[in-house]
Amino acid sequence: MAWTKESAFDYAKEAKWAVFASLCTKTGAPRIRSVGGYGIADGAFYLNTAKDSAKVRQIQNRSDVTILFQQEGQTVPKNVTFIGQASILSGDEAKNAKAIIKERRPQAAFDDSKVIVKVQVKKIKILDFSEEDKVQEIEL
């Protein structure tokens with residue numbers, strides 16, 4: 001099966017966790033962490049995070065980020081990676097994103113200490129060892 005944008009986003013939505021990577025503001029080295037308070041809709045990834053977190057400082061310094069999704073219990077290795085540009089939301093856009101996150105993660109808490117990060121996905125990379133073409137890329 002050739003992957004599509006829709007099948008890649010569906011796969012990502014089914015994952016329990018995501019691995020979020022940004023670049024350190026001081027050294028430029030990758031900073032990687034697992035995240036669970038997120039939602040996916042309309043070609044974008046939305047993340048609820050602390051306003052004073054390293055993630056926010058790193059995104060403000062350089063907006064390039066990568067997010068990897070891998071479902072649990074797979075017998076054949078498979079993952080989907082989103083590559084895109086991150087920004088901090090405000091106003092109605094943040095309010096709408098909170099609803100998207102709540103849909104996936106009802107227990108998500110939102111208060112003045114939090115911000116919503118939006119990653120506009122520019123490219124999707126798929127690694128699927130069950131396919132003849134094990135690596136596939138989709139430009140958005």
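Quick note: numbers below take in every heavy atom, side chains included, and nothing from hydrogens, waters or symmetry partners.
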- Query: Can you tell me how far the CG atom of Leu23 sits from the CD1 atom of Ile59, to the nearest 0.5 Å?
  - Reply: 10.5 Å
- Atom of Trp3, atom of Ile138 and distance for their closest heavy-atom approach: O-CD1, 3.9 Å
- Task: Look at the side-chain heavy atoms of Ile, Leu, Val, Met, Phe, Trp and Tyr, link any pair under 4.5 Å apart, and say whether Val56 and Phe20 land in one connected group.
- Result: yes
- For the residue pair Val115 and Thr49, establish whether any side-chain heavy-atom pair is separated by less than 4.5 Å. yes
- Ile88 and Val117: CA distance, side-chain angles, deciding distance, side chain to side chain contact (heavy atoms under 4.5 Å, CB included) verdict: CA-CA 5 Å; Ile88 308 301; Val117 174; 3.7 Å; yes
- Please report the C-alpha distance between Ile40 and Arg104 in whole Å, then the side-chain angles of each, then the deciding distance to 0.1 Å, and finally whether the side chain to side chain contact (heavy atoms under 4.5 Å, CB included) criterion is met. CA-CA 8 Å; Ile40 300 169; Arg104 182 184 173 282; 5.8 Å; no
- Item | Asp52 backbone acceptor or donor facing Arg57 side chain under 3.5 Å | yes
- Query: Looking only at heavy atoms, which two atoms of Ile32 and Ala21 are closest? And how far apart?
  - Reply: CG1-CB, 3.9 Å
- All heavy atoms of Gln107 vs all of Lys102, minimum pair found to be C-NZ, 4.5 Å
- State, to 0.1 Å, how close Val121 and Ala44 come at their nearest heavy-atom pair, and which atoms those are. CG2-CA, 4.4 Å
- Message: Show the nearest heavy-atom pair for residues Ala2 and Glu131, with the distance to one decimal.
- Response: N-OE1, 4.4 Å
- Message: Check whether Gln120 reaches the backbone of Gly43 with its side chain - one donor and one acceptor, N or O, closer than 3.5 Å.
- Response: yes
- Message: Donor-acceptor pair, distance only, cut-off 3.5 Å: does the side chain of Lys125 make one with the backbone of Val135?
- Response: no
- Query: Between Phe69 and Tyr11, is the gap from one ring center to the other below 6.0 Å?
  - Reply: no
- Under 3.5 Å, is there a donor-acceptor pair between the side chain of Asn61 and the main chain of Cys24? no
- Spell out, yes or no, whether Val35 and Val80 are grouped together once hydrophobic residues are joined by side-chain heavy atoms under 4.5 Å, including indirect joins. yes
- Near Lys95 NZ, under 6.0 Å, is it more than 12 heavy atoms from other residues, nucleotides or ligands? no
- Message: Tell me the closest heavy-atom pair linking Arg33 and Arg31, and the distance in Å.
- Response: NH1-O, 3.1 Å
- Message: If we ignore hydrogens and angles and just use 3.5 Å, is the side chain of Gln58 paired with the main-chain N or O of Ser22 as donor and acceptor?
- Response: no
- Message: When you measure from the side chain of Arg105 to the backbone of Gly36, do you find a donor-acceptor pair of N or O atoms at a distance under 3.5 Å?
- Response: yes
- Query: What distance do Gln85 atom CD and Arg62 atom CZ have between them, rounded to the nearest 0.5 Å?
  - Reply: 9.0 Å
- Could you please spell out the steps behind the side chain to side chain contact (heavy atoms under 4.5 Å, CB included) verdict for Ile67 and Tyr38? CA-CA 11 Å; Ile67 308 144; Tyr38 65 85; over 6 Å; no
- Message: More than 12 heavy atoms of other residues, nucleotides or ligands under 6.0 Å from CG of Asp111: yes or no?
- Response: yes
- Query: Would Phe45 end up clustered with Phe9 when hydrophobic side chains under 4.5 Å apart are linked, directly or stepwise?
  - Reply: yes
- Item | Rounded distance [0.5 Å steps], CD in Glu103 versus CD1 in Ile101 | 11.0 Å
- Item | Distance, nearest 0.5 Å, that separates OG1 of Thr81 from CG of Asn79 | 5.0 Å
- Side-chain touch Val119/Phe82, heavy atoms, less than 4.5 angstrom: no
- Evaluate the side chain to side chain contact (heavy atoms under 4.5 Å, CB included) criterion for residues Ile83 and Lys122: first the C-alpha distance (whole Å), next the side-chain angles of each, then the deciding distance (0.1 Å), finally the verdict. CA-CA 6 Å; Ile83 300 163; Lys122 303 293 185 185; 5.8 Å; no
- Query: Say you draw a straight line from NZ of Lys118 to OG of Ser63; how long is it, rounded to the nearest 0.5 Å?
  - Reply: 13.0 Å
- Item | Interatomic distance, Thr75 atom OG1 to Phe129 atom CZ [nearest 0.5 angstrom] | 13.0 Å
- Does the side chain of Ile116 reach to within under 4.5 Å of the side chain of Phe110, using non-hydrogen atoms? yes
